[in-house]
Amino acid sequence: MLAGQLDTLAREAARLKPLHLRDLLAAPGRFEQFSRRAGPLLLDFSRQKLDEPALQALGAIAQQCGWQQRRDAMFRGDVLNSSEQRPVLHTALRAGESQRPSPAPAEVSDEIARTLQRMGELVDALERGDAGAYGIPAGITDVVNLGIGGSDLGPRLAVEALAGYHSGRFRCHFLPNVDGHEIAALMRRLDPRKTLVLLVSKSFTTQETLLNGAVLRQWIAQAYAGDEARAASHFVAVSANVAAAQALGIPPERVLPMWDFVGGRYSVWSAVGLVLALAIGMPNFRAFLRGAALMDDHFRSADWRDNLPVLLALIGVWNRNGLGYAAHGVIPYLDALSELPAFLQQLEMESLGKRVSADGGELSQATVPVVWGSVGTNAQHAFFQALHQGSDVVPLDLIGAVRPAHALRDNHEALLANLLAQGAAFALGKTRDEALAEATRGSDAEREALAAQRTFPGDRPSSTLLLDALTPESLGALIALYEHKVVVQALLWDINAFDQWGVELGKVLAKSILPALAGSAATESFDASTRGLIATIRALT
Ligand code: F6P
């Protein structure tokens with residue numbers, strides 16, 4: 001950000017510092033002024049430590065940065081991922097469901113439409129139990145999604161969130177990690193002859209995915225007396241590296257492409273979502289795309305004041321660079337969204353976890369906060385103590401659905417009451433005088449001590465996101481909302497949100513450590529800690 005923009009944030013933060021959120025929330029019309037709707041989502045940001053002048057100042061920064069131009073460049077397919085020289089066109093994956101004409105290049109739209117068509121045909125064939133034309137044996141009951149990071153988190157989030165929409169035709173499993181305990185347990189539970197493996201890897205070079213693929217292939221081959229070809233018939237691949245997938249013996253009709261213009265963490269809308277389509281069926285998968293397209297249309301048309309992704313990005317920048325908060329919590333009040341914090345961790349921290357700009361210059365402001373969280377109300381009984389009374393302030397996104405997918409009214413009202421109560425408690429707190437009035441026993445000193453411990457400072461910001469109900473559409477809209485938030489925040493911070501060089505070093509080191517661990521390579525070149533740990537492991541194995 002420019003020095004002048006940081007000065008503006010500092011000035012606004014200093015102006016608002018003496019005001020407590022209690023004061024801000026007491027202003028007439030506060031909710032109406034600081035809440036917005038887009039389709040099935042309501043964003044209430046009245047509990048953010050903002051007033052109209054601060055919001056105007058933030059909006060002016062977004063305008064100065066040219067957020068509309070950046071947005072339009074993305075939808076058009078300009079090369080936004082400069083370090084890899086790639087366009088960023090995940091929005092084109094759902095453009096077929098949009099109300100607005102797609103500005104994406106025609107050849108991209110055609111390729112996407114063809115792939116979606118192929119994916120739909122494969123899903124239909126598998127649902128009918130008649131995928132012989134693909135070389136897939138009959139009787140598939142279980143589907144294993146083999147993939148990690150973006151090839152796991154989005155599909156896993158959506159499959160779990162939309163459990164109410166599962167057709168029940170297949171049981172779906174996820175195997176991201178290379179931890180052998182998981183794969184061993186899965187192989188104990190499943191029947192290899194009835195298992196379909198989706199090998200999902202954009203690069204098709206990811207160690208975890210390829211290793212797990214080899215293990216499952218051997219397991220299936222054993223069920224066919226070592227017949228490799230029959231084992232291969234249980235595999236479908238999704239990759240941007242189609243040649244590598246085919247080299248593993250997976251024929252073209254069972255390889256669905258994805259593309260360099262779609263980042264892994266933005267890819268659930270592509271064939272990476274195959275496991276989701278198998279879980280909920282193609283009509284629901286299309287409804288999921290429709291929800292995202294609705295958010296795309298909103299992002300493309302709404303003024304910044306009403307634009308949910310822009311507002312979320314501005315709030316993110318305000319909390320990080322204006323108020324100086326280094327963490328951000330995501331608390332869904334819906335067990336179905338329990339994977340949302342993990343999904344957003346990758347989306348936000350892999351996209352925005354940078355300290356230099358695309359031209360290599362050191363950034364002048366702090367960037368991504370630590371994103372973390374877990375479901376309410378469980379979280380209330382675990383770490384909310386620290387959020388209410390600890391020394392650090394963690395702004396939160398509290399997320400809920402108005403209408404549940406069950407008839408247990410008391411449960412749902414209790415859940416929503418907790419959601420609303422927590423946001424209020426974080427904002428309002430409890431003053432020392434209020435706490436003292438409650439402390440009726442003991443000496444004055446004892447009452448004072450107790451009151452101090454029972455005081456809540458409050459003034460802790462949160463946004464509330466209410467979905468009308470958790471449906472394929474609203475989930476699609478919610479995920480797309482956060483995707484666009486990240487894109488705008490990256491622009492404000494002058495970051496390339498679409499590369500992830502920071503994950504490479506560890507991968508390279510792991511490759512060099514592997515032979516040393518196995519005892520077939522020397523360890524001298526490693527640091528003292530690595531050498532010592534290798535020796536310890538070797539001595540015990
Ligand atoms: O290591 C990080 C990463 O490259 C992520 O960006 C990506 O989502 C994940 O690995 C999986 O990559 P792939 O789909 O190529 O296997």
Side-chain angles (χ1 to χ4, degrees), residues 80-90 93 115 119 144-159 174-179 182-183 197-217 235-248 250 255-276 339-354 368 371 479 482-483 486-487 490 495-514:
L80 294 199
N81 179 357
S82 53
S83 71
E84 297 174 307
Q85 280 299 298
R86 294 172 181 168
V88 174
L89 275 167
H90 50 276
L93 297 167
T115 304
M119 179 172 154
V144 179
N145 192 80
L146 266 191
I148 194 163
S151 299
D152 166 68
L153 290 162
R156 180 205 292 263
L157 161 65
V159 166
F174 291 85
L175 195 61
N177 202 350
V178 73
D179 183 340
E182 275 302 304
I183 194 164
V197 181
L198 312 181
L199 201 48
V200 185
S201 175
K202 180 179 167 184
S203 60
F204 229 76
T205 58
T206 301
Q207 183 198 40
E208 294 90 332
T209 306
L210 295 183
L211 185 49
N212 283 342
V215 171
L216 288 186
R217 184 129 158 194
F235 279 72
V236 170
V238 179
S239 185
N241 190 350
V242 171
Q246 291 181 7
L248 267 193
I250 308 175
V255 182
L256 292 169
M258 61 161 325
W259 308 274
D260 278 348
F261 57 75
V262 177
R265 52 195 175 273
Y266 302 87
S267 68
V268 62
W269 326 100
S270 70
V272 169
L274 178 59
V275 64
L276 174 64
E339 294 297 328
L340 185 65
F343 172 79
L344 291 181
Q345 263 170 353
Q346 190 202 18
L347 182 63
E348 303 221 4
M349 295 177 80
E350 208 170 67
S351 300
L352 301 171
K354 323 275 165 76
V368 77
V371 177
I479 296 175
Y482 278 103
E483 286 180 347
V486 164
V487 168
I495 277 177
N496 177 0
F498 308 105
D499 60 12
Q500 57 284 321
W501 299 108
V503 301
E504 295 304 325
L505 180 59
K507 286 186 193 173
V508 172
L509 285 176
K511 275 206 183 109
S512 68
I513 288 172
L514 196 54

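Here, residue 1 is the first one in the sequence, and each next residue gets the next number. We count ligands from 1, going down the list as the structure has it; atoms in each ligand are counted the same way.
A 4.5 Å side-chain heavy-atom check between Ile250 and Val236 finds every atom pair outside the cut-off. Looking at Leu274 and Val200, their side chains never come closer than 4.5 Å, going by heavy atoms from C-beta outward. Looking at Leu514 and Gln207, their side chains come closer than 4.5 Å, going by heavy atoms from C-beta outward. Here the side chains of Leu153 and Gln345 are not in contact, with every heavy-atom distance at 4.5 Å or above. Residues Asn81 and Phe261 form no side-chain contact, since every pair of their non-hydrogen atoms from C-beta on lies 4.5 Å or further apart. With contacts defined as side-chain heavy-atom distances shorter than 4.5 Å, the pair Leu248/Phe235 does not qualify.
Regarding atom 11 (C) of ligand 1, its nearest protein heavy-atom neighbour is Ile148 O, 3.1 Å. Of the protein's non-hydrogen atoms, the one nearest atom 8 (O) of ligand 1 is Gly150 N, 2.7 Å. Protein heavy atom at the shortest distance from atom 15 (O) of ligand 1 is Ser203 OG, 2.6 Å.
Ligand 1 has no nitrogen or oxygen under 3.5 angstrom from a nitrogen or oxygen of Thr209. Residue-to-ligand polar distances keep Val503 apart from ligand 1: every N/O pair is separated by 3.5 Å or more.
Among Lys507, Glu350, Lys202, the residue whose heavy atom sits closest to atom 4 (O) of ligand 1 is Lys507. Comparing heavy-atom distances from atom 12 (O) of ligand 1 across Asp499, Thr206, Val200 singles out Thr206 as nearest.
Using a 30° and 60° split on the angle between ring planes, Tyr266 and His90 fall in the parallel class, below 30°.
The ligand atoms of ligand 1 that sit less than 4.0 angstrom from a heavy atom of Gln500 are 6 (O). Atom numbering of ligand 1 starts at 1 in the shown order; those under 4.0 Å from a heavy atom of Gly149 are 8 (O).
At least one heavy atom of Gln346 sits under 4.0 Å from some atom of ligand 1.
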